[in-house]
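None of the values given here were measured: they were computed from a predicted structure.
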Amino acid sequence: MDSWSSPNVPALPGAGVPLRLYDSARQDRHVSSGDAGGASMYVCGITPYDATHLGHAATMITFDVINRVWRDNGVDVTYVQNVTDIDDPLLERANRDGEDWIVLAMRETALFREDMEALRILPPAHYVGAVESIPAIADEVVNLLDAGIAYRLDDDTGDIYFDVSKDATFGYESNLTRPEMLAFFAERGGDPDRAGKRDALDPLLWRGARDGEPAWEGGILGPGRPGWHIECAVIALGLLGSRIDVQGGGNDLLFPHHEMSAAHAEALTGEAPFARHYVHAGMIGLHGEKMSKSRGNLVFVSRLRADHVESMAVRLALLADHYRDDRQWTDDLLKTAQQRLSRWREAVALPAGPSGAETLAAVRERLADDLDTVGALAVVDDWVDATLAGDRTDADAPALVAATVDALLGVAL
Ligand code: ZN
């Protein structure tokens, strides 16, 4: 599948600061980039039926900043993102609207790409659909069956499940109790009450063909389509190898999605942990309420763009709080970001300001501390305040600060 085009990223002088990133599994911060100057990142992409709301945007911006900080450190980044272009929620939406699911998925994926370009998100090296990955996924489900870690239900549906009891470290990624796992599993697309499973938490690997649903050849699996968790595990293993540096997504993916994907990957490779860092971005609410499709209060990037809201202001607004916090989208948040953007532009257009090198060093320091964008924005605000107040000691500073904000925060001034 085609990715989107890359914005230009200015090179910054001097050395970056190694990124220390919070890992949900170890519940602590650790230096994030992997071996020999390289780093690999897999971010769970959209199911293309509701793209791109501000929750998606906040998640993509979070991992974009990781990507930018790594690159500033001279790390060779390999970034992979998937598109879940076949799954129950996509089919449900297509059925509800009387639309062809393929047309819906293609339209929403195209819109997502446009939004990512507008937000100046660096594109993944590999942007991969579930449908194009089905042969590889089916092969790995066969391997799990052969290893006795997967089983077929004996109700003639052709459905195949993963046996979580075979995974001795199951639960290490999310650190949840079993009752919490059961609650999230039921809430987030799992089927704890499905008859015939060995354990209520066992996740679907392969759904046998049903009347009225698309299905693909699965060899000895029989016709059907893959589950979501095995999709991400197989795409990541195929392109990034058995150990990755960052497995990323919104914090609603902590369980079951990332726990199950890790369990599948580790069962297939025998290597653990699958990811050195499981990184989760907070949810975006709207004026104090959870933003969700069921409440009908999703705010879309494309809607804001159509209303002539500058995408750089949207980006700055979503950087104004820490990525791990659940936070609110409000009119005030956007207005503050718009004012900040104007002031920053006004300051970098002046002939000089206080030290640009010190500002760059301080921004690097803040971002290396688990992406402290709140602190990084405050550093730039201080420079802008001093510049606008008449401190004009460094003639190179306006260009360097503009390049810093562009390269590290992804905000073009
Ligand atoms: Zn995923």
Side-chain angles (χ1 to χ4, degrees), residues 44 47-49 82-96 98-105 128-167 170 181-182 184-238 253 255-268:
C44 294
T47 301
Y49 64 95
N82 70 313
V83 189
T84 304
D85 56 358
I86 183 65
D87 203 7
D88 293 348
L90 175 66
L91 295 176
E92 284 161 16
R93 176 59 62 92
N95 287 338
R96 187 197 79 178
E99 189 171 18
D100 182 330
W101 66 272
I102 296 176
V103 174
L104 172 63
V128 187
V131 170
E132 65 188 283
S133 308
I134 286 175
I137 299 168
D139 284 350
E140 296 292 27
V141 174
V142 171
N143 287 336
L144 290 171
L145 275 174
D146 289 347
I149 303 167
Y151 59 97
R152 196 186 299 265
L153 292 198
D154 57 7
D155 59 4
D156 296 328
T157 56
D159 292 354
I160 297 170
Y161 281 82
F162 182 84
D163 186 342
V164 295
S165 73
K166 297 277 170 35
D167 179 356
F170 183 74
M181 287 184 190
L182 283 165
F184 281 132
F185 193 66
E187 190 183 307
R188 297 171 178 168
D191 54 357
D193 299 327
R194 175 73 189 268
K197 293 205 298 181
R198 293 177 185 168
D199 188 301
L201 289 172
D202 289 349
L204 180 75
L205 291 168
W206 186 260
R207 178 175 165 86
R210 304 289 203 277
D211 284 346
E213 291 185 12
W216 287 263
E217 272 313 311
I220 66 158
L221 304 180
R225 57 186 168 91
W228 178 33
H229 317 307
I230 189 69
E231 167 199 336
C232 282
V234 172
I235 294 172
L237 292 176
L253 302 191
F255 193 91
H257 186 54
H258 285 170
E259 189 78 60
M260 300 303 183
S261 283
H264 297 340
E266 290 159 10
L268 286 165

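Side chains of Phe170 and Met260 form a contact here, defined as non-hydrogen atoms less than 4.5 Å apart. You'll find the side chain of Arg93 stays beyond 4.5 Å of the side chain of Trp101, heavy atoms only. Taking 4.5 Å as the limit, some side-chain heavy atom of Leu201 sits within range of a side-chain heavy atom of Phe255. Within the 4.5 Å cutoff, no side-chain heavy atoms of His229 are placed close to those of Leu204. Contact check for Pro214 versus Val131: no side-chain heavy atoms found under the 4.5 Å cut-off. Within the 4.5 Å cutoff, no side-chain heavy atoms of Met181 are placed close to those of Pro256.
Other residues, nucleotides and ligands place more than 12 heavy atoms under 6.0 Å from the CG atom of Asp100.
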| request: Check step by step if side-chain contact (heavy atoms from CB on, under 4.5 Å) holds for Cys44 and His258. | output: CA-CA 9 Å; Cys44 294; His258 285 170; 3.3 Å; yes

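Note that CD of Glu187 is 12.5 Å distant from CG of Leu182, once rounded to the nearest 0.5 Å. Of the inter-residue distances, the one linking Ile160 atom CD1 with Asp202 atom CG reads 13.0 Å to the nearest 0.5 angstrom. Interatomic distance, Leu91 CG to Arg96 CZ, rounded to the nearest 0.5 Å: 13.5 Å. With values rounded to the nearest 0.5 angstrom, Ser261 atom OG is found 9.0 Å from Leu253 atom CG.
Shortest non-hydrogen contact noted between Thr84 and Glu231 is OG1-OE2, 3.1 Å. Listed here is the closest heavy atom pair of Arg152 and Ile220: NH2-O, 3.3 Å.
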Determine all donor-acceptor pairs shorter than 3.5 Å in which one atom belongs to a side chain in residues 133-150; sequence neighbours excluded.
residue, atom, partner, partner atom, Å
Ser133, OG, Gly129, O, 2.7
Glu140, OE1, Asn143, ND2, 2.7

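Judged by distance alone, the side chain of Trp206 and the main-chain N or O of Gly222 form a donor-acceptor pair under 3.5 Å.
Using a cutoff of 4.0 Å between basic side-chain nitrogens and carboxylate oxygens, Asp163 and Arg198 are scored as salt-bridged.
Side-chain contact annotation: Asp167 with Ser165, donor-acceptor N/O pair under 3.5 Å absent. A donor-acceptor contact closer than 3.5 angstrom is absent between the side chains of Tyr161 and Asp199. Side-chain contact annotation: Asp85 with Tyr49, donor-acceptor N/O pair under 3.5 Å absent.
Identified under the salt bridge (Lys or Arg N to Asp or Glu O under 4.0 Å) test for residues 206-220, with sequence neighbours left out: Asp159-Arg210, Arg207-Glu213, Glu213-Arg225.
Shown here are the ring-ring contact (aromatic ring centres under 6.0 Å, His included) partners of Phe162, two or more places apart in sequence or in another chain: His264.
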